[in-house]
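Remember, it's a predicted structure, so these values are computed and weren't measured experimentally. Ligands are counted one by one from 1 in listed order, and the atoms in each one are counted from 1 as well.
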Amino acid sequence: MKAIELKNGVYWVGVIDWAVRDFHGYVTPRGTTYNNYLIMDDEVTLLDTVKYDFADITIKNIRSVVEPSKIKHVVINHIENDHVTSIDKIMALTPDATIYITEKGRKGLDRFFDISKWNIKIVKTGDTLKIGKRTLLFIETPMLHWPDSMMTYIKEEKILISQDAFGQHIASAVRFDDEFATCESMSELEDAIIDYYANILMPFGQIIKTKTAEIQKMGLEMDMIAPDHGIIWRSNPQKVLQMYMDMAGGKANLSVSIIYDTMWRSTEQMTSPIMQGIKDEGVECKVIRLRATPMSMAIKEFWKSRGVLIGTPTLNNVMYPTIAEFLTHLRGLRPKNRIAAAFGSYGWGGGAVKEAYEEIKKMGLETVEPGLQILYRPSLEDETKCYEFGMEFAKKVKEYHQKF
Ligand code: FEO
């Protein structure tokens, strides 16, 4: 690879990670990219670095434009490992450069590196840096998605370097949204945005709304939104902004995700009549078996639907372990604006459905109770109960959906 020009003098110098399939537990079947950017101006400026394994590649990409020793400013928008862990290799090539970072970013950087030898300047929202013909404006975005996070706006080019926000885990031969829509499809890109938002940004919906409104109030025109992962938005940056506002505002499909696991297939047998009941009430439905589906994919399907049904057998009086893991993971993502119920089979005393409700209530989600439990194996009569349970739940989902 070599540098790719976004606009006159502004380059992508990032790397493509075709092979990563496990991104700290988040499944990335399409790999990802670590994007960073170089601005050729009177004072050469680098925005962000990349994951340590790829330091040599970004250095090579920088070198295709300019010798790294010419870099005068290095902006660190975020200190998570995938963006900062090659900073020492970069700084070794340009030791007199100044690093621009938030206060919380500096404190974190100090835990990863010996920063005593580097020039560091703390920046906050509204601070600017003139690098020649261009001006950089810094915008702190705490908890979007780490305390240290910020974005950098290149005023004269109208480019927002948005860091993790608006990104997607896609490794592709193309860099821009219009190219991706042509060689693959816009719906695939949208799906990757939803996946990324659900798994990383779901807890921060309120912050996203506030921060996006703040950026809009600043009146910043956006020709491009350039995130630190995946495809760069140049043909329609407003699209991804609107998608974020919609998701943060509670947007979901009028559909139900049945997320279940099964021991001897009794709980699984319940899912078909439940699904049929939901569909006969005019609501779309998707069925996801946890042991056959990576956790992050199940989270995405949960996020797409207004309603969720959790199906769990009872094992030793508690929830099936994969379901317990899923609900704990989901609770950490602080989901909102979804309605839930639970069902499952049991052989001795039961207990899993009750536990599932307890966990769902800890999240503060709306529930439909008391759920449905079947002893040992669903009989024909039980299957009718499952069908009716699905229908009743779909009715509640439709009512709840009206609020949005
Ligand atoms: Fe892509 Fe928060 O790191």
Side-chain angles (χ1 to χ4, degrees), residues 12-37 46-55 57-58 61 74-90 99-113 138-152 160-172 175 189 192-205 207-208 211-212 225-233 240 244 247-248 295-296 299-300 329 332-334:
W12 174 87
V13 287
V15 298
I16 304 172
D17 189 347
W18 299 102
V20 65
R21 292 292 179 271
D22 181 337
F23 194 97
H24 57 50
Y26 170 178
V27 172
T28 50
R30 293 202 54 146
T32 194
T33 67
Y34 312 105
N35 299 337
N36 58 338
Y37 303 93
L46 181 70
L47 297 124
D48 297 321
T49 73
V50 298
K51 195 174 168 186
Y52 57 91
D53 324 36
F54 300 94
I57 301 175
T58 193
N61 291 345
V74 179
V75 175
I76 295 295
N77 285 304
H78 177 32
I79 59 160
E80 194 165 1
N81 300 38
D82 49 331
H83 303 294
V84 83
T85 39
S86 53
I87 181 83
D88 52 345
K89 285 200 171 178
I90 301 275
I99 294 173
Y100 297 80
I101 193 166
T102 62
E103 175 62 38
K104 289 207 165 115
R106 188 198 64 77
K107 281 186 185 154
L109 199 64
D110 192 33
R111 303 293 297 166
F112 293 112
F113 300 99
F138 302 110
I139 305 163
E140 291 167 281
T141 55
M143 297 321 294
L144 248 185
H145 69 124
W146 273 24
D148 59 281
S149 301
M150 71 169 181
M151 299 182 186
T152 301
L160 181 70
I161 308 296
S162 63
Q163 227 293 307
D164 276 329
F166 313 123
Q168 342 80 41
H169 286 308
I170 290 180
S172 167
R175 305 272 62 78
L189 186 51
I193 282 285
I194 294 167
D195 186 34
Y196 188 95
Y197 185 103
N199 279 284
I200 297 175
L201 297 168
M202 194 195 297
F204 311 117
I207 298 171
I208 287 165
K211 201 36 92 172
T212 308
I225 294 180
D228 275 10
H229 293 292
I231 299 298
I232 297 164
W233 301 87
V240 70
Y244 265 52
M247 286 190 282
M295 183 75 69
S296 52
I299 293 286
K300 177 179 72 171
H329 189 88
L333 290 167
R334 302 202 289 276

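Look at Asp82 and atom 2 (Fe) of ligand 1: no N/O/S atom of the residue is under 2.8 Å from the metal. Note on His83: counted as a metal contact of atom 1 (Fe) of ligand 1, an N/O/S atom lying under 2.8 Å. Distance check for Asp228 against atom 1 (Fe) of ligand 1: none of its N/O/S atoms falls below 2.8 Å.
Between Ile76 and Ile87, the shortest heavy-atom contact is CD1-CD1, 3.7 Å. Closest non-hydrogen pair, Tyr244 versus Gly167, comes out as OH-N, 4.1 Å.
Remark: the Thr28 side chain and the Asp22 side chain contain no N/O donor-acceptor pair separated by less than 3.5 Å.
When the N, O or S atoms of His78 are ranked by distance to atom 2 (Fe) of ligand 1, NE2 comes first. Atom 1 (Fe) of ligand 1 sits nearest to atom NE2 when only the N, O or S atoms of His229 are considered. The name of the N, O or S atom in Glu80 nearest to atom 2 (Fe) of ligand 1 is OE1. If you look at Asp164 and ask which of its N, O or S atoms sits nearest atom 1 (Fe) of ligand 1, the answer is OD1.
Although no hydrogens or angles enter the test, the distance criterion places no donor-acceptor pair under 3.5 Å between the side chain of Gln168 and the main chain of Leu189.
Relative ring orientation between Phe23 and His229 is described as perpendicular, the plane-to-plane angle rising above 60° on a 0-90° scale split at 30° and 60°. By the 30° and 60° cut-offs, the orientation of the rings of His78 relative to His83 is tilted.
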